[in-house]
Amino acid sequence: MNLCGMSAHALRDGIAARRFSAEDVVRAFLDRIAAHDGRVHAFLEVHDTEAIAEARRLDEEIARGSEPGPLAGIPIAVKDNICVRGRGTSCASRILSGYAPPYDATVIEKLRAAGAVVLGKTNMDEFAMGSSTENSGFGATRNPWSLEHVPGGSSGGSAAAVALGLAPVALGSDTGGSVRQPGAFCGVAAMKPTYGTVSRRGLIAFASSLDQIGPLGRDVQDCLNLYNVLCGPDPRDATSAPGGHEVPEGALLQGVRGLRVGVPWDWLGEGLHADVEAALGRSVEALRQAGALVGEVSLLDPSYAIAAYYIIATAEASANLARYDGVRYGASARGAEDPAGLYTGTRSEGFGAEVRRRIVLGTYVLSAGYYDAYYLRAQKARRLIRDDFERAFAMADVLLLPTAPTPAFRIGEKTGDPLAMYLSDIFTVPLNLYAGCGINVPAGLSADELPIGMQLLAPRFGEAALFRAAQCLESRLGTLGLAPEPAET
Ligand code: GLN
């Protein structure tokens, strides 16, 4: 039996029926990581000893007949910007190398309470700034479908791990697309919940008004099951929303008859890859055949969202990253003669080029004299973008569009051109400014055998409709299964 190719819900059923044990499952994934991760570099740290001990504990509980939770024995890979007590949590930044938080993020507490087993920490763009995982301070991750291509980012390690069967499910974080876009490039289901539904306590902040933790999995059902475990109010996160947003599993069976699906055709002209356009056509047809009412919606030009995002996100990042001064966390420059020297030394050695670029941009747009021209205007633009989405969602229950304009690009292709890199998020960023929910659903392979992803978007707290539409799309388009094992290099 190939445990590593199974969905988390199939593994859960197998463990519950005692067809195999939690320890069998955890060992199967650890063995596969040992055999294959060297080529894709999805993991920064693997927690073998703790994972096996935890699986054994769960097996004993199951043997005693107790109900160990909805994710009992399910291994999960965790993006390295989410705190796991006592283990390295670096955000793939040298400035945090050696930092081990003294507490578990709320999402980790919830996962453990549900019986999930943390397998290890996954690679990412440094501080989640990027779209390719090439900005990691510890080396890039590769796309398991083609080692010359990027896995997307910034949650590229989590997406690559799920795609290659190194973990059945994973956590990522999505500030401007970082769960959905790597989900698309690696061919896995990947969901961004409504802002506020999942606690950010213990997620190391990049841009606090946009950041949201989300699940990646082999299928829509796995994303739903994880979402239901992760969501809920948290008194320790001031931006957490009131509860009651779980989606009953039965919602997936409801189908889409009568559901209004809007496609923003205005967005989908120039720059859209022909294979992505064809996949969109198949998706429209699939939803139509299932009884959805597919029509057109108009939305503000997404280039406004990109402009506003790169002002708001960098402004917030420059404030959030001020705490890395060489005194309180992680790395500290040696040989400094005074505090200013310590700060400058630590920050210039510790941060990579993209993070430095964003801190400089963010400081500039917040500075006296430029605040009104940039930051304030970007906030006003954000309000207009939100109103625009509200208007669109009065006419459609969900929106359908590609997750990215192209399949995965080549490693190195966009590293010299930050603006081209920023534009690869054109279809994902607007949703974060609005604060709604979205999901990537795999929609087949391109002619070059690279995954293509379709995105569904729903209003704030519209997860039920989102999952219904996603399940319908997946059942008609099919999942991709595991990426082919990388050839020997
Ligand atoms: N690629 C976008 C950025 O670089 C989004 C990142 C994210 O969602 N964390 O900011």
Side-chain angles (χ1 to χ4, degrees), residues 79-82 91-93 122-136 140-141 150-159 170-185 190-193 195 198 200 203-216 302-303 305-318 320-321 351-362 365 378 382 403-406 408-409 413-415 417-440 453 455 457:
K79 188 175 181 180
D80 201 37
N81 56 354
I82 298 173
C91 291
S93 180
T122 54
N123 200 11
M124 54 186 281
D125 286 298
E126 184 178 4
F127 282 104
M129 297 174 187
S131 311
S132 67
T133 315
E134 291 164 294
N135 295 339
S136 167
T141 296
V150 303
S154 64
S155 313
S158 288
L171 289 187
S173 67
D174 192 311
T175 305
S178 279
V179 166
R180 290 162 285 154
Q181 185 257 25
F185 283 10
M191 186 238 176
K192 179 224 175 275
Y195 184 81
V198 174
R200 290 184 298 112
L203 167 68
I204 297 183
F206 158 14
S208 310
S209 76
L210 302 159
D211 297 341
Q212 193 63 187
I213 292 171
L216 297 96
S303 60
I306 291 285
Y309 171 86
Y310 277 97
I311 292 174
I312 294 168
T314 55
E316 294 184 17
S318 73
N320 278 326
L321 272 57
F351 289 134
E354 181 61 25
V355 175
R356 290 203 302 270
R357 177 181 299 124
R358 300 216 187 180
I359 292 173
V360 170
L361 270 171
V365 299
R382 182 176 189 177
T403 306
T406 64
F409 45 90
E413 191 178 320
K414 296 187 197 264
T415 39
D417 185 352
L419 284 182
M421 190 71 95
Y422 297 173
L423 281 173
S424 66
D425 302 323
I426 188 122
F427 295 155
T428 51
V429 157
L431 182 78
N432 298 72
L433 291 170
Y434 160 60
C437 56
I439 189 167
N440 172 71
Q455 190 179 203
L457 307 181

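Counting convention: from 1, in listed order, for ligands and their atoms alike.
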Closest protein heavy atom (residue, atom, distance) for atom 6 (C) of ligand 1:
Ser178 OG, 2.9 Å
Quick one about Ser158 and Lys79 (side-chain donor to acceptor, distance below 3.5 Å, no hydrogens or angles considered), yes or no?
no
shortest atom 4 (O) of ligand 1-to-protein heavy-atom contact is with Arg358 NH2, 2.7 Å
Taking N or O atoms only and a 3.5 Å limit, does Ser173 qualify as a polar contact for ligand 1?
no
Answer side chain, backbone, both or neither: which part of Tyr310 comes under 4.0 Å from ligand 1, heavy atoms only.
side chain
Using a 4.0 Å cut-off to any heavy atom of Ala128, which atoms of ligand 1 qualify?
6 (C), 7 (C), 9 (N)
Side chain to side chain contact (heavy atoms under 4.5 Å, CB included) assessment of Val198 paired with Leu203:
CA-CA 11 Å; Val198 174; Leu203 167 68; over 6 Å; no
Students often mix this up, so state it plainly: with edges at 30° and 60°, are the rings of Tyr309 and Phe206 parallel, tilted or perpendicular?
perpendicular
Ignoring angles and geometry beyond distance, decide whether Phe206 reaches within less than 3.5 Å of ligand 1 through its nitrogen or oxygen atoms.
no
Gly130 heavy atoms, cut-off 4.0 Å: which ligand 1 atoms fall inside?
1 (N), 2 (C), 3 (C), 4 (O), 6 (C)
Could you check whether Ser131 and Gln181, counting side-chain N and O atoms only, form a donor-acceptor pair closer than 3.5 Å?
no
With atoms numbered from 1 as shown, which atoms in ligand 1 lie under 4.0 angstrom from a non-hydrogen atom of Asp425?
1 (N), 2 (C)
With heavy-atom distances below 4.5 Å as the criterion, would you say the side chains of Ser209 and Ile312 are in contact?
yes
Just jot down the ligand 1 atoms closer than 4.0 angstrom to any heavy atom of Gly176, in number order.
5 (C), 7 (C), 8 (O)
Which atoms of ligand 1 have any heavy atom of Ser154 under 4.0 Å away?
9 (N)
Give a yes/no verdict on whether any heavy atom in Tyr422 is under 4.0 Å from an atom of ligand 1.
no
Between Leu321 and Ala205, the two heavy atoms sitting closest are CD1-O, 3.9 Å
For atom 5 (C) of ligand 1, find the nearest protein heavy atom and state the residue, atom name and distance (0.1 Å precision).
Tyr309 OH, 3.3 Å
Sole residue of Glu126, Glu413, Glu354, Met421 in side chain to side chain contact (heavy atoms under 4.5 Å, CB included) with Glu134
Met421
Compare all side-chain heavy atoms of Asn432 with those of Arg180 and state whether any distance is below 4.5 angstrom.
yes
